[in-house]
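Hydrogens, waters and symmetry mates play no part in the numbers below; they use all other heavy atoms, side chains included. First the proteins, then the strands, lettered A, B, ... as listed; each starts at 1. No experiment lies behind these values; they were computed from the predicted model shown.
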Number of protein chains: 2
Amino acid sequence: MSSQRPSDRGSPRRHDDVLGYLLKHAHMALEARTDAALAPLRVTARDMGALRVIAAGEARSQQEVAAVLGVDRTSMVALLDALEREGIVARRPFEQDRRRNVIELTEAGRKVFTEAEQTALAVEDEFVESLGADGANELRAALQSLLAETAQ
Amino acid sequence: MSSQRPSDRGSPRRHDDVLGYLLKHAHMALEARTDAALAPLRVTARDMGALRVIAAGEARSQQEVAAVLGVDRTSMVALLDALEREGIVARRPFEQDRRRNVIELTEAGRKVFTEAEQTALAVEDEFVESLGADGANELRAALQSLLAETAQ
DNA sequence: TATTGTTATACTCTATAACTATA
DNA sequence: TATAGTTATAGAGTATAACAATA
């Protein structure tokens with residue numbers, strides 16, 4: 001194994017021993033690679049977060065999509081505006097409660113999403129390649145464990 | 001072990017199986033906890049990134065601090081302005097090259113930093129408690145491995 | 001000419017408050 | 001009255017371009 005946190009707890013840690021730094025920069029590196037790979041499809045890594053929730057049926061209103069992703073409902077408006085302009089999603093009124101919108105992937109949107117998800121998955125696989133399959137699964141499980149206790 | 005990535009690669013992944021989501025939200029949760037714990041000391045988790053680099057002597061100019069942390073040199077100006085206003089760091093001209101500033105912790109700054117670093121470390125330890133000592137070290141090592149290959 | 005720190009500026013992401021239409 | 005979506009607005013964080021001082 002490579003370097004771990006030094007046992008000397010009194011001295012200043014190196015910046016790359018700090019978990020916050022590691023999480024932030026790992027996220028930035030993965031997002032940059034994903035955005036570069038998705039650019040030809042005209043969607044971003046951030047868009048894909050919302051599209052996954054919509055495609056998987058994890059939410060049935062804008063606010064539920066926002067809540068699942070942990071973003072504000074007002075931020076969701078602009079994000080969906082852009083996806084609607086690209087013809088990837090469509091809003092239609094929910095008949096049982098006309099205050100809500102049902103968000104759906106269009107026919108074209110489903111095609112873009114399928115291709116983008118394969119692309120994003122390939123980027124992710126390459127990103128974690130050095131960890132091996134077990135290491136990558138352990139990384140995911142560890143992060144899921146941290147988030148599970150945060151939610152409580 | 002808990003849930004891993006589903007072997008069914010064709011269907012949409014759940015949002016919390018996506019590595020980018022996990023990295024981003026783990027970072028946000030840790031940063032929120034750290035900022036809350038550091039608030040009485042009037043420094044943020046972001047400040048601590050710069051202060052660690054300065055305290056450890058990893059950089060000897062503003063631009064080197066910015067480069068190590070991967071932020072723009074223009075962003076470093078405002079960050080150091082705030083820390084200087086709080087009396088935590090001081091800029092002084094570097095005699096061998098008067099274009100540069102040497103950034104130093106003040107006497108008061110060293111005290112704040114020492115206390116803040118202990119606080120941040122305690123928050124981090126509690127954050128990763130569910131992983132056990134080995135699990136936490138493996139998480140750090142995995143993230144360091146991902147970043148090492150990104151830099152190339 | 002090139003570099004360090006700085007300022008001005010703009011763009012993105014996010015958050016708060018207020019509005020509208022529905023319930 | 002409360003809720004879903006929207007708009008306006010402001011605050012962070014970041015990035016680009018241009019400037020002064022220095023090399």
Side-chain angles (χ1 to χ4, degrees), chain A residues 20-21 23-25 27-29 31-32 34-36 38-39 42-50 53-54 58-86 89-104, chain B residues 20-21 23-25 27-29 31-32 34-36 38-39 42-50 53-54 59-85 89-104:
Chain A
Y21 172 90
L23 291 169
K24 179 177 182 179
H25 285 255
H27 174 250
M28 285 169 54
E31 184 165 70
T34 305
D35 280 339
L38 291 179
R42 301 175 62 86
V43 291
T44 65
R46 191 162 173 259
D47 293 333
M48 287 301 291
V53 173
I54 296 164
E58 290 186 78
R60 279 144 315 166
S61 71
Q62 291 187 200
Q63 290 205 30
E64 277 187 34
V65 177
V68 167
L69 296 174
V71 308
D72 197 83
R73 62 182 176 146
T74 61
S75 307
M76 194 52 54
V77 176
L79 194 155
L80 291 177
D81 283 350
L83 291 172
E84 198 169 35
R85 241 180 285 118
E86 295 283 336
V89 302
R91 292 166 162 110
R92 75 175 161 75
F94 180 51
E95 287 308 323
Q96 285 93 315
D97 180 349
R98 305 266 304 264
R99 293 172 303 183
R100 299 190 197 179
N101 289 334
V102 176
I103 315 294
E104 295 172 316
Chain B
Y21 173 91
L23 291 169
K24 178 176 182 179
H25 284 255
H27 175 251
M28 285 169 55
E31 184 165 71
T34 305
D35 280 340
L38 291 179
R42 302 176 61 86
V43 291
T44 64
R46 191 164 173 259
D47 294 333
M48 287 302 291
V53 174
I54 295 164
R60 280 144 316 169
S61 72
Q62 290 187 201
Q63 289 205 33
E64 278 186 36
V65 177
V68 168
L69 297 174
V71 309
D72 197 83
R73 62 181 177 147
T74 61
S75 307
M76 194 52 55
V77 176
L79 195 155
L80 291 177
D81 283 350
L83 290 173
E84 199 168 35
R85 241 181 285 118
V89 303
R91 293 166 160 110
R92 75 176 161 76
F94 180 49
E95 288 307 325
Q96 285 94 314
D97 180 350
R98 305 267 306 265
R99 292 172 303 184
R100 298 190 197 178
N101 290 334
V102 177
I103 314 294
E104 296 172 314

Please state how far atom CG in L69(A) lies from atom P in dA15(C), giving the value in whole angstrom units. 13 Å

Going by modelled atom types, is there a donor-acceptor pair between the base of dT6(C) and the side chain of T74(B) at under 3.5 Å? no

How would you label the contact of Q63(A) with the nucleic acid (heavy atoms, under 4.0 Å): base, sugar-phosphate, or nothing? base

I need the CG-P distance between D72(A) and dT7(D), as an integer number of Å. 15 Å

Of R100(B) and R73(A), the one whose closest DNA chain C nucleotide lies more 5': R100(B)

On a heavy-atom basis, which atom in L79(A) and which in A50(A) lie closest, and how many Å separate them? CD2-CB, 3.9 Å

In whole angstroms, how far is the C1' atom of dC13(C) from the NE2 atom of H27(A)? 12 Å

Is the distance from OP1 or OP2 of dT14(D) to the nearest side-chain N or O of K24(A) less than 4.0 Å? yes

Using a cut-off of 4.0 Å on non-hydrogen atoms, how would the nucleic acid contact of R46(B) be classed: base, sugar-phosphate, or nothing? sugar-phosphate

Starting at the 5' end of DNA chain D, which residue's closest nucleotide do you reach first, R99(B) or Q62(A)? Q62(A)

In whole angstroms, the gap separating C1' of dT6(C) from CD1 of I103(B) amounts to 13 Å

Select base, sugar-phosphate, or nothing to describe what N101(A) touches, counting heavy atoms under 4.0 Å on all strands. sugar-phosphate

Looking at E64(A) and R60(A), would you say the former's side chain and the latter's main chain have a donor-acceptor pair under 3.5 Å? yes

Taking only N and O in the side chain of R91(B), is any of them less than 4.0 Å away from OP1 or OP2 of dT4(C)? no

Tell me if a side-chain donor or acceptor on Q62(A) pairs with a main-chain N or O of N101(A) at a distance below 3.5 Å. no

Please check this pair: side chain of D72(A) against backbone of T74(A), looking for a donor-acceptor N/O pair closer than 3.5 Å. yes

Whole Å only: how far is the CD atom of E95(A) from the C1' atom of dT22(C)? 13 Å

Whole-Å gap separating C1' (dT3(D)) and CZ (F94(A)): 14 Å

Any idea which of dT6(C), dA23(D), dA23(C) is nearest the V77(B) side chain? dT6(C)

Could you give the CG-to-P distance, from D81(B) to dA12(D), as a whole number of Å? 14 Å

Once you round it to whole Å, what is the distance between C1' of dA15(D) and CE of M76(B)? 14 Å

Give me the one residue out of R92(A), R91(A), E95(A) that meets side-chain contact (heavy atoms from CB on, under 4.5 Å) with V102(A). R92(A)

